[in-house]
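Here is the structure we will look at, set down as structure tokens.
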Amino acid sequence: MERVGKWLGRPRELYNLLRFKMGGGAAVMPPLDQDVLSDGLKTCYRYLNQTSRSFAAVIQALDGELRHAVCIFYLVLRALDTVEDDMTISLETKVPMLHDFHSYLYQPDWRYMESKEKDKQVLEDFTTISLEFRNLAEVYRDVIADICHKMGAGMAEFLEKKVDTQHEWDKYCHYVAGLVGIGLSRLFSASELEDPVVGQDTELANSMGLFLQKTNIIRDYLEDQLEGREFWPREVWSRYAKKLSDLTKPEHIDMAVQCMNELITNALHHVPDVLTYLSRLKNQSVFNFCAIPQVMAIATLAACYNNKQVFRGVVKIRKGQAVTLMMDATNIQAVKAIMYQYVEEIYQKVPSTDPSSNKTQQIIVSIRTMSLPNGVEVSRNHYSPIYLSCAMLLAALSWQYLRAMSKASEEYVQASEN
């Protein structure tokens with residue numbers, strides 16, 4: 001199910017465009033200096049590019065030693081996720097592996113050679129990943145091992161268990177996304193780029209992950225149905241259909257949309273926590289890393305709300321829209337304005353007959369108050385065509401530059417390996 005990738009690797013529009021660092025303007029991010037990397041780290045970054053080129057670009061925008069810690073964190077969780085996804089591994093073997101996976105980090109010779117998954121290289125060469133893990137500072141090792149332990153236990157719990165209640169939906173999202181948010185937050189604080197409270201306030205960090213994961217689950221309803229996966233909570237969808245798959249049927253489209261609107265309303269309750277979390281960040285690279293996926297998520301929910309297309313095909317935000325969000329979301333006031341814009345867009349689409357309309361409007365009022373405490377009006381069309389054109393031009397130039405630099409970097413790595 002690529003659960004870790006689902007959280008870290010989406011929305012795809014963001015990561016296909018995020019190829020330069022932003023901080024007080026847009027600056028092209030150079031490739032990592034291969035001269036200063038150990039052979040093991042070079043290998044880890046190669047695996048990172050193979051399993052998620054998009055996330056590799058985001059990591060390179062982080063400052064200092066934090067980027068290496070996050071790289072290893074990602075690869076460890078990717079390896080764990082590969083075990084969970086591999087349907088050729090029997091439950092008798094898989095369940096103990098998931099529970100014990102954190103201990104493999106301290107076993108220099110442990111690797112797994114029988115996976116059939118496309119990312120099997122992270123298991124086959126886990127010796128290199130675990131070595132670089134052990135080379136990290138203890139503060140980073142403790143965080144990564146702890147999150148790996150908890151996530152493995154959570155994955156084992158949900159192997160043969162469907163999401164029933166809304167509480168279980170939160171619990172599932174916590175295991176596969178909230179823990180990622182908590183782990184990243186603890187790494188931010190451990191690096192001293194952020195204050196200790198960022199890593200200590202696990203409730204806010206969990207909400208960061210849940211908001212992204214719920215957005216992806218809502219948007220990906222049809223894709224998951226086609227692949228035989230179900231992540232919408234039965235407690236909600238059973239009020240609208242006898243089977244979750246019934247929501248794809250044309251005769252059930254009105255009920256399907258109402259069901260989705262209720263889940264979107266549920267997800268919106270995480271936005272106040274998201275804004276509080278982002279308001280605490282001080283480091284620009286960390287802020288960009290955290291803020292951009294959140295504004296992409298709110299834009300995605302606005303596109304999905306009351307939209308029948310979610311049950312007929314793919315709902316995506318436009319590339320131009322993604323570029324504008326990416327360029328703007330570099331400080332908390334800008335993020336608040338973006339949140340305001342998109343919740344207003346949702347507010348304007350709330351049907352008076354929708355069963356969740358009152359709850360939707362109530363949470364939007366709360367977000368609106370938090371976004372603009374002084375009651376300042378913000379135009380829902382505050383992105384001008386001229387600004388958008390400039391942003392698109394800058395993104396295109398940066399994209400071409402980084403493609404050339406990335407190619408040169410890859411050739412350099414290949415040459416050094418030979």
Side-chain angles (χ1 to χ4, degrees), residues 11 13-14 17-18 20-27 29 58 61-63 181 184-185 188-189 193-195 197-198 201 203-205 207-212 215 267-303 317-318 320-348 363-392 394-395 398:
E13 294 85 351
L14 162 65
L17 292 164
L18 186 54
F20 50 90
K21 177 181 175 182
M22 297 169 301
M29 182 66 195
V58 180
L62 290 171
D63 291 337
L184 287 170
S185 300
F188 298 155
S189 293
L193 293 176
E194 297 297 345
D195 291 335
V197 68
V198 172
D201 196 335
E203 183 176 350
L204 293 188
S207 278
M208 292 282 286
L210 263 62
F211 185 58
L212 298 183
T215 297
L268 288 174
H269 281 81
H270 297 293
V271 173
D273 281 352
V274 168
L275 292 175
T276 300
Y277 180 97
L278 293 175
S279 69
R280 292 176 174 174
L281 301 180
K282 301 184 303 181
N283 179 271
Q284 188 66 57
S285 74
V286 172
F287 186 90
N288 294 342
F289 182 94
C290 296
I292 295 173
Q294 302 294 332
V295 297
M296 297 291 286
I298 191 66
T300 299
L301 288 184
I317 61 176
R318 301 181 306 277
Q321 184 182 6
V323 171
T324 304
L325 290 170
M326 182 178 66
M327 297 291 289
D328 275 12
T330 56
N331 62 78
I332 187 60
Q333 292 306 319
V335 170
K336 286 182 176 181
I338 292 168
M339 290 290 186
Y340 182 98
Q341 175 193 5
Y342 285 107
V343 296
E344 281 295 294
E345 183 176 316
I346 293 173
Y347 191 91
Q348 297 300 321
I363 186 56
I364 288 176
V365 168
S366 297
I367 297 170
R368 179 193 296 160
T369 301
M370 192 172 184
S371 299
L372 295 170
N374 297 323
V376 179
E377 285 295 321
V378 173
S379 169
R380 294 176 61 233
N381 299 309
H382 70 281
Y383 301 128
S384 70
I386 293 177
Y387 179 85
L388 181 56
S389 298
C390 292
M392 289 291 289
L394 181 57
S398 300

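These numbers were taken from a predicted model, which means no experiment stands behind them.
- Here the closest non-hydrogen pair linking I367 and P272 is CG1-CD, 4.2 Å.
- Annotation for A334 and D328: closest pair CB-O, 3.2 Å, computed over non-hydrogen atoms.
- The salt bridge (Lys or Arg N to Asp or Glu O under 4.0 Å) analysis of residues 287-302, with sequence neighbours excluded, yields no pairs.
- Looking at heavy atoms from C-beta onward, I298 lies out of side-chain contact with Q294 at the 4.5 angstrom threshold.
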(message) Let's go through V343 and V271 carefully: what are the C-alpha distance in whole Å and the side-chain angles of both, what is the deciding distance for side chain to side chain contact (heavy atoms under 4.5 Å, CB included) to 0.1 Å, and is it a yes or a no?
(response) CA-CA 10 Å; V343 296; V271 173; 5.6 Å; no
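- Under the 3.5 Å distance criterion, the side-chain polar atoms of S279 are matched with a main-chain donor or acceptor of T276.
- Atoms CG and CE, on L275 and M370 in that order, are 5.0 Å from each other to the nearest 0.5 Å.
- Inter-residue side-chain proximity for M208 and L278 is flagged as met; some heavy-atom pair is nearer than 4.5 Å.
- For the side-chain contact (heavy atoms from CB on, under 4.5 Å) test, residues two or more places apart in sequence or in another chain that qualify with A299 are I317, Q321, L325, Y342.
- The structure places CG of L184 at 11.0 Å from OG of S189, a figure rounded to the nearest 0.5 Å.
- Residues forming a salt bridge (charged side-chain N to carboxylate O under 4.0 Å, His left out) with D273 (at least two apart in sequence, or on another chain): none.
- Partners of T215 by side-chain contact (heavy atoms from CB on, under 4.5 Å), not counting sequence neighbours, listed by chain and number: F211, A297, T300, L301.
- Considering every non-hydrogen atom in both P293 and C290, the closest pair reads CD-O, 3.5 Å.
- The closest side-chain heavy-atom distance from S207 to Y277 is not below 4.5 Å.
- Contact detail for F287 and L281: the closest heavy-atom pair is CA-CD1, 3.9 Å.
- The shortest side-chain heavy-atom distance between L372 and K336 does not fall under the 4.5 Å cut-off.
- Shown here for A291 and A329, the closest heavy-atom pair between the two residues is CB-O, 3.9 Å.
- Among residue pairs with one or both ends in residues 279-302, those qualifying as salt bridge (Lys or Arg N to Asp or Glu O under 4.0 Å) are D195-K282, D201-R280; sequence neighbours excluded.
- Evaluation of the side-chain contact (heavy atoms from CB on, under 4.5 Å) rule for N283 yields D63, L193, E194, S285, V286 as partners, not counting sequence neighbours.
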